[in-house]
Asker: 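Below are the structure tokens for one structure; questions will follow.
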Protein chains: 2
Amino acid sequence: MKLYDGGRAPNPRRVNVFLAEKGIEVERVPVDMGQLGHKSAEVTELNPLQRLPVLVLDDGTALSESVAICRYLEELHPEPRLMGGDAKDKAIVEMWNRRMEHHFLAAVANAFRHTHPAMKDWEVPQVAEWGEINRPKAVAFLEMMDQELANHEFIAGDRYTIADITGMIAFDFMKPARIDRPEHLTNVMRWYRAVSARPSAQA
Amino acid sequence: MKLYDGGRAPNPRRVNVFLAEKGIEVERVPVDMGQLGHKSAEVTELNPLQRLPVLVLDDGTALSESVAICRYLEELHPEPRLMGGDAKDKAIVEMWNRRMEHHFLAAVANAFRHTHPAMKDWEVPQVAEWGEINRPKAVAFLEMMDQELANHEFIAGDRYTIADITGMIAFDFMKPARIDRPEHLTNVMRWYRAVSARPSAQA
């Protein structure tokens with residue numbers, strides 16, 4: 001299989017951290033998103049929505065959507081489990097991963113895409129007001145998370161999962177989105193330091 | 001187990017259609033979202049994000065996020081499969097379900113929440129410009145889907161899956177969001193008529 005990789009952009013990085021945690025090596029096709037490489041004819045053929053990453057299987061099947069790619073890798077290489085074990089555990093991990101996506105990563109991404117000058121040819125039209133109101137949404141979610149993380153070590157409980165990957169990447173993405181780190185949220189900061197110290201965070 | 005149910009609102013309905021397709025009966029606690037029942041102390045205790053539905057398991061675990069609830073039900077009651085069989089099939093269904101969520105349901109929901117007068121106490125503040133630009137986004141996605149549905153009967157291939165549930169519910173939600181039905185997209189309309197004719201669509 002072959003990974004069309006967009007590097008450190010949030011979604012490509014989610015899959016790269018997931019691969020690093022699993023210890024899986026894959027052949028990579030680097031795509032320069034700064035040069036709009038994800039809108040090339042080659043990528044469009046693989047994903048009509050022109051998003052990265054895309055994992056192309058040996059039979060030619062093109063998988064896109066980061067979490068769908070992770071699902072495939074988790075099924076093929078179950079250990080270490082990053083998406084839960086039994087029915088209840090899988091559902092809890094999926095719940096937390098989706099909470100991190102819908103209430104944190106999406107808010108940070110909206111702030112970035114709708115207010116950052118570098119995004120003006122990517123997000124057409126930018127709606128500055130929409131971008132601005134997403135900053136306090138992201139912070140409000142982290143305030144809720146701070147209470148949750150008083151009771152469990154990681155996002156979805158007491159072991160590292162895909163929900164921590166989504167959360168770490170959203171947290172790092174706050175910098176270009178110009179959202180201040182909430183240094184006063186001690187449980188969130190403790191969690192962030194722990195997940196960032198893992199070797200996979202370099203991906 | 002016990003389902004805190006929000007009725008015909010899009011996310012509660014996704015789980016209700018899923019249950020109907022599986023033929024699973026569950027005890028229901030109806031919550032009147034029109035009366036903001038999802039913001040009650042009882043629901044907030046189960047889901048700090050105050051969203052429905054919530055499935056409470058016999059051990060007291062509260063699962064929220066519609067697709068996480070569906071994941072739990074699929075694991076417990078695998079047949080009929082609505083989330084894929086082997087690794088590749090699961091990933092393809094997840095890819096399509098996420099495409100339907102991120103590029104269709106989200107666009108329709110944004111149009112509804114940010115432009116409909118009835119939503120002014122729900123979505124604070126409403127950003128009318130953001131709502132407006134989501135209408136053509138939803139239609140552009142359906143134009144892409146029309147080409148896809150020339151080649152397969154259902155959204156994720158040749159069998160009905162959770163991606164069809166998400167798509168049908170987003171399609172029905174276009175009416176309150178004031179997005180015209182794309183009658184000229186013959187493949188989309190053929191698909192919509194087929195999924196809507198299933199008994200589960202009454203849920």
Side-chain angles (χ1 to χ4, degrees), chain A residues 47-51 54-55 57 59 61-78 83-99 101-103 106 110 114 123-134 140-141 143-145 147-148 156, chain B residues 47-51 54-55 57 59 61-78 83-99 101-103 106 110 114 123-134 140-141 143-145 147-148 156:
Chain A
N47 181 3
L49 296 167
Q50 302 181 314
R51 307 291 168 114
V54 177
L55 183 69
L57 310 188
D59 70 0
T61 302
L63 293 179
S64 55
E65 294 293 333
S66 306
V67 179
I69 292 171
C70 293
R71 178 86 51 200
Y72 179 74
L73 298 167
E74 176 91 352
E75 291 280 326
L76 284 196
H77 304 274
M83 299 177 84
D86 65 12
K88 187 173 97 173
D89 195 39
K90 281 181 181 164
I92 288 171
V93 174
E94 176 130 20
M95 172 179 79
W96 277 108
N97 192 43
R98 284 176 168 268
R99 285 175 167 176
E101 290 179 319
H102 299 162
H103 299 280
N110 282 324
H114 287 276
E123 188 68 43
V124 182
Q126 285 185 311
V127 181
E129 185 188 359
W130 174 239
E132 293 297 343
I133 63 179
N134 272 278
F141 179 76
E143 285 166 355
M144 187 278 282
M145 279 313 301
Q147 295 177 41
E148 292 286 335
Chain B
N47 181 3
L49 295 167
Q50 301 180 315
R51 309 290 169 116
V54 177
L55 183 69
L57 310 188
D59 70 0
T61 302
L63 293 178
S64 55
E65 294 292 332
S66 305
V67 179
I69 293 171
C70 293
R71 177 87 49 201
Y72 179 75
L73 297 167
E74 177 91 352
E75 292 280 327
L76 284 197
H77 304 273
M83 299 177 83
D86 65 11
K88 188 172 97 174
D89 196 39
K90 281 181 182 165
I92 288 171
V93 174
E94 176 131 19
M95 172 179 78
W96 277 108
N97 192 43
R98 284 176 168 268
R99 284 174 168 175
E101 291 179 318
H102 299 162
H103 300 280
N110 282 324
H114 286 277
E123 188 68 45
V124 182
Q126 285 184 310
V127 182
E129 185 188 358
W130 173 240
E132 293 297 344
I133 64 179
N134 272 278
F141 179 76
E143 286 165 355
M144 186 278 282
M145 279 314 301
Q147 295 178 41
E148 292 286 335

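Every value quoted in this text rests on a predicted model; they were computed, and no experiment measured them. Just so it is clear: chains get the letters A, B, ... in the order the sequence lines come, proteins before strands, and each one is counted from 1.
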Asker: Side chain, backbone, both or neither: which part of A:Asp89 has an atom under 4.5 Å from a heavy atom of chain B?
Answerer: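 Neither part.
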
Asker: Could you state the interatomic distance from CZ (B:Phe141) to CD (B:Glu148), rounded to the nearest 0.5 Å?
Answerer: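 Answer for the CZ-CD pair, B:Phe141 versus B:Glu148, is 8.5 Å.
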
Asker: Taking the side chain as everything from C-beta on, heavy atoms only, tell me whether B:Val67 gets closer than 4.5 Å to B:Met83.
Answerer: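 They are in contact (side-chain heavy atoms under 4.5 Å apart), so the answer is yes.
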
Asker: Chain A heavy atoms under 4.5 Å from B:Arg99: which part of the residue, side chain, backbone, both or neither?
Answerer: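 Interface part for B:Arg99: both.
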
Asker: Does any heavy atom of chain B fall under 4.5 Å from the side chain of A:Ala106, the backbone, both, or neither of them?
Answerer: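 No part of it gets close to chain B.
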
Asker: Locate the shortest heavy-atom distance separating B:Val54 from B:Asn47; write the atom from each residue and the value.
Answerer: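 So the two residues come closest at CG2-CB, 3.9 Å.
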
Asker: With a 4.5 angstrom heavy-atom cut-off, is it the side chain or the backbone of B:Ile133 that approaches chain A, or both, or neither?
Answerer: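 For B:Ile133, the contact with chain A is made by the side chain alone.
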
Asker: Which bit of B:Met144 comes within less than 4.5 Å of chain A, counting heavy atoms only: side chain, backbone, both or neither?
Answerer: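 Contact with chain A is through the side chain of B:Met144 alone.
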
Asker: Contact part of B:Leu49 toward chain A, heavy-atom cut-off under 4.5 Å: side chain, backbone, both or neither?
Answerer: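 Interface part for B:Leu49: side chain.
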
Asker: Taking the side chain as everything from C-beta on, heavy atoms only, tell me whether B:Lys90 gets closer than 4.5 Å to B:Glu74.
Answerer: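 They are not in contact (no side-chain heavy atoms under 4.5 Å apart), so the answer is no.
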
Asker: Please classify the contact between B:Leu57 and chain A as side chain, backbone, both or neither, with a heavy-atom cut-off of under 4.5 Å.
Answerer: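 Only the side chain of B:Leu57 comes within 4.5 Å of chain A.
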
Asker: Minimum heavy-atom separation for B:Glu75 and A:Ala87, please, with both atom names.
Answerer: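 Shortest heavy-atom separation between B:Glu75 and A:Ala87 comes out as CB-CB, 3.5 Å.
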
Asker: Counting only heavy atoms not in B:Gln147, do more than 12 fall under 6.0 Å of its CD?
Answerer: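 No.
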
Asker: Between B:Glu101 and A:Arg98, is the closest basic N to carboxylate O distance under 4.0 Å?
Answerer: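 The answer is yes: the pair qualifies as a salt bridge.
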
Asker: Out of B:Arg71, B:His103, B:His114, B:His102, return the one with the most heavy atom pairs under 4.5 angstrom to chain A.
Answerer: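 Looking at each option in turn, the highest pair count goes to B:Arg71.
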
Asker: By a 4.5 Å heavy-atom criterion (distance strictly below it), what part of B:Thr61 contacts chain A: side chain, backbone, both, or neither?
Answerer: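 Side chain of B:Thr61 only, per the 4.5 Å heavy-atom cut-off to chain A.
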
